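Here is the structure we will look at, set down as C-alpha cells.
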2 protein chains.
Amino acid sequence: MTIKRIAELANVSSATVSKIINGKDKHISEATRQKVLGIIEREGYIPNGIAKSLKMKRTKTIGIIMPDVMNLFFSEIARGAEDAAERKGYSVILCNSDNKQSKEEKYIQILQEKMVDGIILTASESSISKSLDRCNTPMVLVDRDIASDKKVGRIVVNNEEGAYNATNFLIKKGCKNIGFISADSKTKLSAARLRGYEKALIDNGLKIDKEKIFLQNYTIESGYQGTMALLMQTEIDGVYCGNDLIAIGAIKALKEKNIKIPKEVKIIGFDDISISQYIDPPLTTIKQPIYQMGEEAVEMLISMIEEKSIKMTKVLETILVERGSS
Amino acid sequence: MTIKRIAELANVSSATVSKIINGKDKHISEATRQKVLGIIEREGYIPNGIAKSLKMKRTKTIGIIMPDVMNLFFSEIARGAEDAAERKGYSVILCNSDNKQSKEEKYIQILQEKMVDGIILTASESSISKSLDRCNTPMVLVDRDIASDKKVGRIVVNNEEGAYNATNFLIKKGCKNIGFISADSKTKLSAARLRGYEKALIDNGLKIDKEKIFLQNYTIESGYQGTMALLMQTEIDGVYCGNDLIAIGAIKALKEKNIKIPKEVKIIGFDDISISQYIDPPLTTIKQPIYQMGEEAVEMLISMIEEKSIKMTKVLETILVERGSS
DNA sequence: ATGAAAGCGCTAACAC
DNA sequence: GTGTTAGCGCTTTCAT
C-alpha cells in the first residue's frame, strides 16, 4: 500500500494525501480530509519512512556506539539516550564496539550509510580521531575525550576532581595506605582519575607508592585480582576503585580474605551504577549522572542537527554518595 | 557525493559504478574498476543506504522491543541480538517499552515506518495480539508467549520445569517451608513459574500455603518487600524467587534481619544474570541461556526474512547452577 | 564492457 | 482546494 494507491481509492492526488498525513492540511476541505483518513485507517496504511527520508534527507535516527550494553554503566546511558530520543521523535541504532577501534570505525561507516542524523560515541578509550575528522555527521562524545578538528559536542564529568574527592574522603576517614585500582592509564579517563588520586595524596602529605597502584581493566575481575595483588604486596586500609565494577570485585576479594569492610579496609568506587546500592556492603561511590549523560547527549546532538547550534562541551557534576563500604 | 558524481569524475555511467560497488563486476574491465575505486577512495564516497533500501525494499535493519535495557536480563539479550545481527550484516534499533502496551504499539508502528526487515519482541507481559496480527513484518517473540494468528517465531524456555526444578532442589536440601516471590501471575510467564513451584510442592507431599506466596514485580525492591512480608506473616526456610533481581532483594532483606543464608533460609533465583555470581552469597539459580536467546532470536528472524523459512518455536534448556545461596 | 532509462514511495514548488 | 510533476540516490533490465 502506497500513498498513490490511497490517493486512487479516495479519488484525490497523492499530494493531497501527503498533505493530510503530514498535517499540512489547512487548505484541505474537511470532507476530503475525513475521506482520506478513513481510507488510511481502513487499509491499515503505513507510510514508507525510507522514501520520506530519501526525499527529506533526514532519517530521524541516531546511532549510539558504546563498548558494551551489558555493562550497567553503558546500558544506563543507552536508556537515557533512547528515552530522550523517543521524546524528540528519533529512534536509536545500537552498536557495541568492545572498545575496539576496528569495530568503531566499521560502525561509523555503517551509520553514515544508513544516513543517521547524528552519532553518539561513548567509550573509555581514545584514538580514532582520523575517522572522526572524515565524518560529517553531527557527533557528540560522552565520557570520552578525543582531540579532534571536527566540531563535536562533548558530555563530560570532571574525573580528576571526582577521584580527588574520593581519595580525600578516604583520607578524612582515617586511611593512610590507600590503594588505587583502575584501568590502564593510557586512556585519558583513567589517567585523569589517577591524577586526582595522586593529587589528593600529595595535598594531604601522603606519598605515592607504586606498589599500591594496580592498573588493568574496568571489570569486576580486575577489581578482584587487583585487590588480591595489593593485599599480597603491600599494606592497605582503603582502596579507591576506578569504577564500581572494580569496587565490586574488590569487595569480593576482601570478603574472601575475611577482611572487614569498612572497618579494616574502606572501599570507594566511581559511577554509582544501579546495582551499587544493593551490594553488601552498599557501595560508597562518586556518582555520575549516568542516565542524564545519555539524555543530555542526545539533546545536544539533536540541537546540533536541527538548529545547527553547537554547544561544544557540557560538564556535569559528580557527587559523593556515602554508603556502607567506607 | 553521489554515485552519479563519482560516475562523472570517472567518465563512466552510474550503472558501472553501482556494479563495481556491489561486486557485480565480472564484466567490468580491471582498468575502469581501478579508476572508479580510486575515485571513491579519494573522494571518501559513502553510498546512500536509504536510496538503496528504497530501491531494494529492505533495510538490513531489525528492531528490538524490550521493557528496559537497564535490566541486566534484557541488556544481555540485546547484546546477543546485536552481535548476531552484526555478523549477518544487520543493524538493530533499540526500543524500550517499560512493558507498556501503548509504547509497544507505538514502536511497532515506528519500526514498520522505518521499514525494518524484522522485529524482535521481548517482554514478560502478554496482550497486544491485535497489533501483531496487523503487522506483516517478520517477528520473533523472546521469553514471551502471546497467542497470535500471525506466524511468529518464538524463543522460549520451559519456565514451569525450571521453577519445578528450583523448588525441588530446595526441598532436596531440606526445606519444608518454601516461599514464592515473583511477579504478578496474570502474566503467563509468572503463572508458569508458579505452577512449577506448586507442582514441586505437591509432588513432594508439601502443601501450598497462600501465606507463603508474594506476587508483585520482577525487581530488587519487590524481592526485598516480599521477603519482609513473608518473614512477618509466616515461617520460611527457603525461597524460590521468580528472577535473580527478586533474589537479590530477598538476600538484602534476610541480611538486614540477620538471618543466615543458606543456613537458616535458602534462596534460589531464576535467570542467572551476569551479576548473580558476584552477589554475596553467590546466587544459586536456574540459568537461562540469555545471551544465546538474543542470538537465536535474530538468527531465526533473519532466516524468516531471507529464506522465508519458518521455524516456529525453539525451546532452550535451563540448568540449575548451584552456588552459595542454597 | 558499458550505458540509458525506468522506477522504488515520497514531498513540495508551482499550477490551476 | 486540489493536482501535476520533478526529483531524492540508487539498482537493474535491456541495449549496444
Side-chain angles (χ1 to χ4, degrees), chain A residues 1-37 39-40 43-61 89 109-117 136-137, chain B residues 1-37 39-40 43-61 89 109-117 136-137:
Chain A
M1 188 56 56
T2 69
I3 210 173
K4 200 172 155 198
R5 184 90 187 88
I6 296 290
E8 286 168 9
L9 292 173
N11 283 313
V12 295
S13 73
S14 58
T16 300
V17 177
S18 174
K19 282 169 194 153
I20 291 169
I21 289 173
N22 295 294
K24 304 188 172 169
D25 47 7
K26 8 184 180 210
H27 297 302
I28 307 277
S29 74
E30 190 55 21
T32 60
R33 219 181 73 87
Q34 289 306 334
K35 182 168 57 173
V36 169
L37 253 18
I39 293 172
I40 285 174
E43 300 291 323
Y45 165 69
I46 292 178
N48 184 323
I50 293 296
K52 178 168 185 162
S53 287
L54 179 59
K55 178 70 188 176
M56 306 285 274
K57 296 176 175 306
R58 52 146 194 64
T59 54
K60 287 276 185 177
T61 302
Q109 170 83 20
I110 290 171
L111 291 174
Q112 289 184 99
E113 290 184 4
K114 293 218 186 292
M115 298 282 137
V116 296
D117 298 334
N136 296 311
T137 308
Chain B
M1 187 58 55
T2 69
I3 209 174
K4 198 172 156 200
R5 184 90 188 88
I6 296 290
E8 286 169 10
L9 292 173
N11 283 313
V12 296
S13 73
S14 57
T16 301
V17 178
S18 174
K19 283 169 192 153
I20 292 169
I21 288 173
N22 295 295
K24 306 191 168 166
D25 47 7
K26 7 184 181 211
H27 297 302
I28 306 278
S29 75
E30 191 56 20
T32 59
R33 220 181 72 86
Q34 289 307 331
K35 183 167 57 171
V36 169
L37 254 18
I39 292 171
I40 284 174
E43 300 291 323
Y45 165 69
I46 292 178
N48 184 324
I50 293 295
K52 178 166 186 164
S53 287
L54 179 60
K55 179 72 189 171
M56 307 286 273
K57 295 176 175 308
R58 53 145 195 64
T59 52
K60 287 276 185 178
T61 302
Q109 169 82 19
I110 290 172
L111 291 174
Q112 288 182 269
E113 290 184 6
K114 294 221 187 287
M115 297 281 137
V116 296
D117 298 335
N136 296 310
T137 309

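None of the values given here were measured: they were computed from a predicted structure. Naming: A, B, ... by sequence-line order, numbering from 1 per chain.
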Can you name the atoms? Protein N/O to nucleotides 9-12 of chain C N/O, anything below 3.5 Å, with the distance.
from, atom 1, to, atom 2, distance (Å)
C:dG9, OP1, B:K57, NZ, 2.8
C:dG9, N2, A:A51, O, 3.3
C:dC10, OP1, A:Y45, OH, 2.3
C:dC10, OP1, A:N48, N, 3.0
C:dC10, OP2, A:I3, N, 2.3
C:dT11, OP1, A:N22, ND2, 3.0
C:dT11, OP2, A:S18, OG, 2.6
C:dT11, O2, A:K55, NZ, 3.2
C:dA12, OP2, A:K24, NZ, 3.0

Is any side-chain heavy atom of A:S13 less than 4.5 Å from a side-chain heavy atom of A:T16?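 Heavy-atom side-chain distance check passes, below 4.5 Å.
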Taking the side chain as every heavy atom from C-beta outward, state whether B:N22 and B:K52 have any pair of such atoms under 4.5 Å apart. yes
To the nearest angstrom, how far is [X] atom [atom1] from [N] atom [atom2]?
X: A:N11; N: D:dG3; atom1: CG; atom2: P; result: 9 Å
X: B:I20; N: C:dT2; atom1: CD1; atom2: P; result: 8 Å
X: A:H27; N: C:dC16; atom1: NE2; atom2: C1'; result: 15 Å
X: A:Q112; N: D:dG9; atom1: CD; atom2: C1'; result: 16 Å

side-chain contact (heavy atoms from CB on, under 4.5 Å) partner of A:E113, the single match among B:I46, B:I50, B:N48: B:I46
Least distance between heavy atoms, B:D117 atom then B:K60 atom: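 Scanning both residues, the minimum pair turns out to be OD2-N, 2.6 Å.
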Nearest heavy-atom approach of A:S14 to A:K4 is CB-CA, 4.3 Å
Under 4.0 Å between a side-chain N or O of B:T16 and OP1 or OP2 of C:dG3? yes
Regarding A:D25, tell me which of base, sugar-phosphate or nothing describes its non-hydrogen contacts under 4.0 Å with the strands shown. nothing
Just checking B:T32: base, sugar-phosphate only, or nothing, at a heavy-atom cut-off of under 4.0 Å? sugar-phosphate
For the pair A:R33 and A:D25, find out whether any cationic side-chain nitrogen is under 4.0 Å from an anionic carboxylate oxygen. yes
